[in-house]
Amino acid sequence: MKQKIALVTGASRGLGFGLAAALAEQDYHVIAVARTTGALEELDDVIKAAGGTATLAPLDINNDGAMQHLCVNIHERWGGVDLWAHTAIHAAPLTPASHVDAKDLEKSVATNVTAASRLIGYVTPLLQANNGRAVFFDDPAVGTQFHGAYGATKGAAEALVKSWKAETVNTGPKVDMLTPNPMPTALRARFYPGEDRAPLADPRVEAKRLLSLLA
């Protein structure tokens, strides 16, 4: 039986790390994409310890040429992808809308909107080849106070995914957008310093819960 292939973008920490580990436990070969080599190596150790396999891709999703090359390599080596989970995000500092920093906004647009849009184009044929599905994650904080640069670009990305989902109902791939419970991630720590993290969901447990919704 052909092994299933999962592509996880933003796999080095938080929910992406949890999803990659959980998918490996479900017998997927995980292609883990993130900028931080050390964190990817830690993920690889976790996956191997559980008897799974992974291919590490220490890449920045903003590097268009590198992402094109990765998708070509995936096609040549595996033929397609069964599941793509996208968690890569740039979280600009919280600030009033009237004080959004131009560089923060530019980086947020590049990572959260432009790179995501390009990846949809590159990964679609890989998903269609395996009758696969794409999974994205929304954030209820979009549109709330002080989330200007992050919220505007995260909201734009969510709108893009919703359009893609509507467009592919009859043609595939299947597109899902799920809502994670709050987790003690580095992103959340930047937004809510000093928060009591005890009640927050463990990312690896939350990843398994979210994947169970796809079954």
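Since we're looking at a predicted model, the values are computed, not measured. Values reported hereafter were calculated over all heavy atoms of this structure, with side chains retained and with hydrogens, waters and symmetry mates removed.
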Rounded to the nearest 0.5 Å, what's the gap from [atom1] on [X] to [atom2] on [Y]? Could you check?
X	Y	atom1	atom2	value
Ile5	Ile74	CD1	CD1	8.5 Å
Gln26	Asp82	CD	CG	12.0 Å
His99	Leu94	NE2	CG	14.0 Å
Thr9	Leu59	OG1	CG	11.0 Å
Asn131	Gln128	CG	CD	9.5 Å
Asp64	His69	CG	NE2	13.5 Å

Count the heavy atoms of every other residue, nucleotide or ligand shown that sit under 6.0 Å from [atom1] of [X], and state whether that count exceeds 12.
X	atom1	answer
Arg204	CZ	no
His75	NE2	no
Lys208	NZ	no
Arg118	CZ	yes

**Request:** Any chance you could lay out the side chain to side chain contact (heavy atoms under 4.5 Å, CB included) test for Ile120 and Trp84, step after step, and finish with the verdict?
**Result:** CA-CA 10 Å; Ile120 288 172; Trp84 171 33; 4.1 Å; yes
Mark yes or no for whether [X], through its side chain, and [Y], through its backbone, hold a donor-acceptor pair below 3.5 Å.
X	Y	result
Arg13	Thr36	no
Asn112	His90	yes
Thr111	Ser108	no
Lys165	Val175	yes
Glu25	Ala50	no

**Asked** Do the ring planes of Phe191 and His147 sit parallel (below 30°), tilted (30 to 60°) or perpendicular (above 60°)?
**Response** perpendicular
Minimum heavy-atom separation for [X] and [Y], please, with both atom names.
X	Y	result
Leu210	Leu178	O-CD1, 3.5 Å
Val113	Leu160	O-CD2, 4.4 Å
Arg197	Ala189	NH1-CB, 3.4 Å
Ile89	Lys154	CD1-CD, 3.9 Å
Pro184	Leu200	CD-CB, 3.6 Å

**Request:** Report yes if some heavy atom in the side chain of Glu158 is under 4.5 Å from a heavy atom in the side chain of Phe136; otherwise report no.
**Result:** no
**Request:** Dump the intermediate steps for side chain to side chain contact (heavy atoms under 4.5 Å, CB included) on Asn130 and Lys2, then the final yes or no.
**Result:** CA-CA 11 Å; Asn130 284 19; Lys2 183 179 178 182; 4.2 Å; yes
**Item:** Cluster overlap Leu127 with Trp78, hydrophobic side-chain contacts below 4.5 Å
**Value:** yes
**Asked** Would you call Glu106 and Lys103 a salt bridge, taking side-chain N to carboxylate O under 4.0 Å as the test?
**Response** no
